[in-house]
Trainee: 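After the structure tokens below, expect a handful of questions from me.
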Number of protein chains: 2
Amino acid sequence: MKPKNKNLTIDGIDKKILRTLMEDARIPILEIARNVDISGAAIHQRLRKLEKSGIISGSKFVINPKMLGYETVAFIGVYLDKAIQNPEAIKQLKKVPEVLECHYTTGNWNVLIKILCKDNADLMHLLNNEIQTISGVSRTETFISLDQQIDRQITI
Amino acid sequence: MKPKNKNLTIDGIDKKILRTLMEDARIPILEIARNVDISGAAIHQRLRKLEKSGIISGSKFVINPKMLGYETVAFIGVYLDKAIQNPEAIKQLKKVPEVLECHYTTGNWNVLIKILCKDNADLMHLLNNEIQTISGVSRTETFISLDQQIDRQITI
DNA sequence: CCTGAAAAACTCACGCG
DNA sequence: CGCGTGAGTTTTTCAGG
């Protein structure tokens, strides 16, 4: 019920550290230290605390898919015909590397997936040969992203 | 038309480097060097090349929103009533920090947004007081993510 | 792509308030 | 407890081959 704060306090310094690293994960800790005016060792201590608390779930290099020829993002609403075998369908979706997100959702569909593919021909191939062929998938509705205007993490 | 490869070749070593850093952006370069068996300096050279080419668009710390009390993800299809003022509506959406993604899409809606909020009450507040009040927004359809099963980047 | 040396950053144990 | 210091280790950077 309550937020998952197990006596976990994030003060202004923690926020500054996190905001900085959320922008650039490879910035030297000592550079952050100079900005927030505490020692590098103290930053390391706080980072260990934040990692242990689970607030930090990792770090990533972000690659630009367009440079690899992936130009098309689409959202696909998927209707499954037997709720009992949903987990199996998800398992199959995981095997399709172009499926970047998959959500069980309320509303019309059973799941909503986000896929990244090279072009419309690739999208059609994925739909016909990878998605529609999965056992349990009865119907799909596709929404192609023409342009992504916002892409960010939550503000802390 | 063609992929954006300006005489850009990514060999197996580049892929190994990228795959490693996509998993953990703060791993020491020298540790990668030991795995792929070339010198640290060579890895740095390749990374500079990859950054200059635009394949690497940055690095991020990933934070776990649940630990901050953000438990609810929802997708909202937004109908805009005057295409001419779409950019203004997008501008307003950018001001709502809970809006993490925003895509112009084909299909029923003009835009599809992904939002992250604390709970259903927060979601309702955002819909009524932040989204629906934006000039140009005529109607919305909300799909709550009950559970996210897949969340990843493209495979390289 | 490598070497090798200098600079910088990280780690760790200890002591302070 | 969280913070700082300083020594020792590791990584990053840079020049030259």
Side-chain angles (χ1 to χ4, degrees), chain A residues 2-64 67-68 153-156, chain B residues 3-70 153 155-156:
Chain A
K2 297 275 196 328
K4 302 230 181 313
N5 277 358
K6 311 182 168 195
N7 58 41
L8 163 66
T9 42
I10 303 182
D11 65 13
I13 295 180
D14 289 324
K15 285 187 187 174
K16 269 195 177 180
I17 297 170
L18 287 174
R19 286 199 195 106
T20 307
L21 288 167
M22 282 168 73
E23 296 281 320
D24 177 4
R26 279 197 80 87
I27 194 175
I29 300 305
L30 287 178
E31 198 167 322
I32 306 176
R34 286 187 286 270
N35 279 327
V36 302
D37 222 52
I38 64 177
S39 77
I43 306 258
H44 278 284
Q45 280 179 25
R46 283 166 178 267
L47 277 176
R48 274 194 291 275
K49 180 196 69 180
L50 291 167
E51 271 165 27
K52 222 180 88 204
S53 78
I55 288 189
I56 296 173
S57 50
S59 62
K60 287 187 167 48
F61 256 52
V62 185
I63 61 124
N64 181 354
M67 289 301 176
L68 300 173
Q153 281 194 78
I154 195 69
T155 308
I156 64 166
Chain B
K4 302 231 181 315
N5 277 357
K6 312 179 168 197
N7 57 41
L8 162 67
T9 43
I10 303 180
D11 65 13
I13 294 181
D14 289 324
K15 285 187 186 173
K16 269 194 176 180
I17 297 169
L18 288 174
R19 287 201 195 106
T20 308
L21 288 167
M22 283 167 72
E23 296 283 318
D24 176 5
R26 281 198 79 88
I27 194 174
I29 299 305
L30 286 179
E31 197 166 324
I32 306 176
R34 286 188 285 271
N35 279 327
V36 303
D37 223 52
I38 63 177
S39 77
I43 307 260
H44 278 283
Q45 280 180 23
R46 284 164 178 269
L47 277 175
R48 275 195 292 275
K49 178 196 71 180
L50 291 168
E51 270 165 27
K52 222 181 87 202
S53 78
I55 287 189
I56 296 173
S57 49
S59 62
K60 288 186 166 52
F61 255 52
V62 185
I63 62 123
N64 182 353
K66 290 191 182 171
M67 288 301 176
L68 300 174
Y70 291 87
Q153 284 194 75
T155 307
I156 63 166

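Chain letters run A, B, ... following the sequence lines, proteins first, then strands; residues in each count from 1. No experiment lies behind these values; they were computed from the predicted model shown.
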Trainee: On DNA chain D, which is the earliest and which the latest nucleotide, 5' to 3', with an atom closer than 4.0 Å to a heavy atom of chain B?
Mentor: D:dT11 to D:dC14
Trainee: State the CD1-NE2 distance between A:I17 and A:H44, to the nearest 0.5 angstrom.
Mentor: 10.0 Å
Trainee: Work out which heavy atom in B:N64 is nearest to a heavy atom in A:S57; give both atom names and the distance.
Mentor: N-OG, 3.9 Å
Trainee: Do other residues, nucleotides or ligands put more than 12 heavy atoms under 6.0 Å from B:E23 CD?
Mentor: no
Trainee: How many Å lie between CZ on A:R26 and P on C:dA8, as a whole number?
Mentor: 18 Å
Trainee: Would you check if B:I156 and B:R19 make a side-chain contact, meaning some heavy-atom pair closer than 4.5 Å?
Mentor: yes
Trainee: Is any side-chain heavy atom of B:L21 closer than 4.5 Å to a side-chain heavy atom of B:I32?
Mentor: yes
Trainee: If you measure from OH on B:Y70 to OG1 on A:T155, what distance do you get to the nearest 0.5 Å?
Mentor: 7.5 Å
Trainee: Should B:K49 and B:Q45 count as side-chain neighbours, where that means a heavy-atom distance under 4.5 Å?
Mentor: no
Trainee: Of all of residues 28-52 of chain A, which get a heavy atom below 4.0 angstrom from DNA chain C, listed by number?
Mentor: A:P28, A:I29, A:L30, A:R34, A:A41, A:H44
Trainee: Suppose we screen for side-chain contact (heavy atoms from CB on, under 4.5 Å). Which residues come up paired with B:D24, at least two apart in sequence or across chains?
Mentor: A:S59, B:R26, B:I27
